[in-house]
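The structure presented is a predicted model; accordingly, all values stated were derived computationally and were not measured. Side chains included, hydrogens not; waters and symmetry mates left out as well; all remaining heavy atoms used.
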Amino acid sequence: DLVLSEVKLPDFHWLDFLEKVVYLSPQARVIFMASYGYQELEAVARERGVKDWITKPFEIASLRETIAHSLDSPTTVSSGNSSGLCSSSA
């Protein structure tokens with residue numbers, strides 16, 4: 001499974017969303033997208049095991065590379081307590 005999501009969500013904090021994804025699909029790879037200037041969030045995501053991240057705006061080729069990288073990476077999914085989620089950056 002692959003989840004591609006914006007960091008700014010209308011009904012969830014992105015970390016709550018990450019925990020929910022991990023709970024529902026522990027093997028899922030998650031790619032978060034965010035506008036430039038969200039480096040602190042990227043650092044938190046990586047602490048939670050997110051392997052990659054993509055910054056907007058991005059080229060479609062970069063998104064394709066990020067997805068391919070994410071799908072090729074082994075998963076180490078977690079709810080943030082002790083495991084992590086896979087996401088990609090370009």
Side-chain angles (χ1 to χ4, degrees):
D1 293 337
L2 177 79
V3 175
L4 179 62
S5 176
E6 166 65 52
V7 169
K8 289 179 141 185
L9 300 169
D11 297 327
F12 285 95
H13 185 275
W14 70 277
L15 285 175
D16 295 335
F17 178 75
L18 180 62
E19 286 184 21
K20 197 169 278 272
V21 168
V22 170
Y23 176 77
L24 294 172
S25 184
Q27 297 304 311
R29 280 114 168 137
V30 177
I31 299 171
F32 279 113
M33 301 176 291
S35 299
Y36 179 77
Y38 282 87
Q39 290 85 357
E40 298 108 25
L41 297 183
E42 182 178 358
V44 171
R46 290 187 188 281
E47 289 173 5
R48 299 270 193 295
V50 172
K51 298 204 181 343
D52 298 294
W53 186 273
I54 192 159
T55 302
K56 300 186 303 184
F58 53 83
E59 298 290 327
I60 294 298
S62 295
L63 179 60
R64 286 185 181 131
E65 288 176 28
T66 300
I67 290 170
H69 178 264
S70 185
L71 292 174
D72 289 342
S73 298
T75 58
T76 47
V77 183
S78 167
S79 62
N81 295 335
S82 61
S83 44
L85 239 129
C86 295
S87 264
S88 286
S89 72

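- To the nearest 0.5 Å, the span separating CE on M33 from CG on L4 amounts to 4.0 Å.
- Taken to the nearest 0.5 Å, the CD1 atom of I31 stands 10.0 Å off from the NE2 atom of H69.
- Within the 4.5 Å cutoff, the side chain of E65 has no heavy atoms near those of the F58 side chain.
- For K56, the side chain to side chain donor-acceptor pair (under 3.5 Å) test picks out E6, with sequence neighbours left out.
- In terms of the side chain to side chain donor-acceptor pair (under 3.5 Å) criterion, D16 has no residue partners (sequence neighbours excluded).
- Here the side chains of Q27 and D1 are not in contact, with every heavy-atom distance at 4.5 Å or above.
- Shown here for V7 and A34, the closest heavy-atom pair between the two residues is CG2-CB, 3.7 Å.
- Under the 4.5 Å side-chain criterion, counting only non-hydrogen atoms from C-beta, L41 is not in contact with F32.
- With hydrogens and angles ignored, the 3.5 Å screen pairs a side-chain donor or acceptor of T66 with a backbone N or O of S62.
- Atoms CZ and CZ, from R46 and R48 in turn, are 14.5 Å apart once rounded to the nearest 0.5 Å.
- Rounding to the nearest 0.5 Å places CD1 of I67 at 7.5 Å from CD1 of I54.
- Side-chain contact between Y38 and W14 is absent, with no heavy-atom pair separated by less than 4.5 Å.
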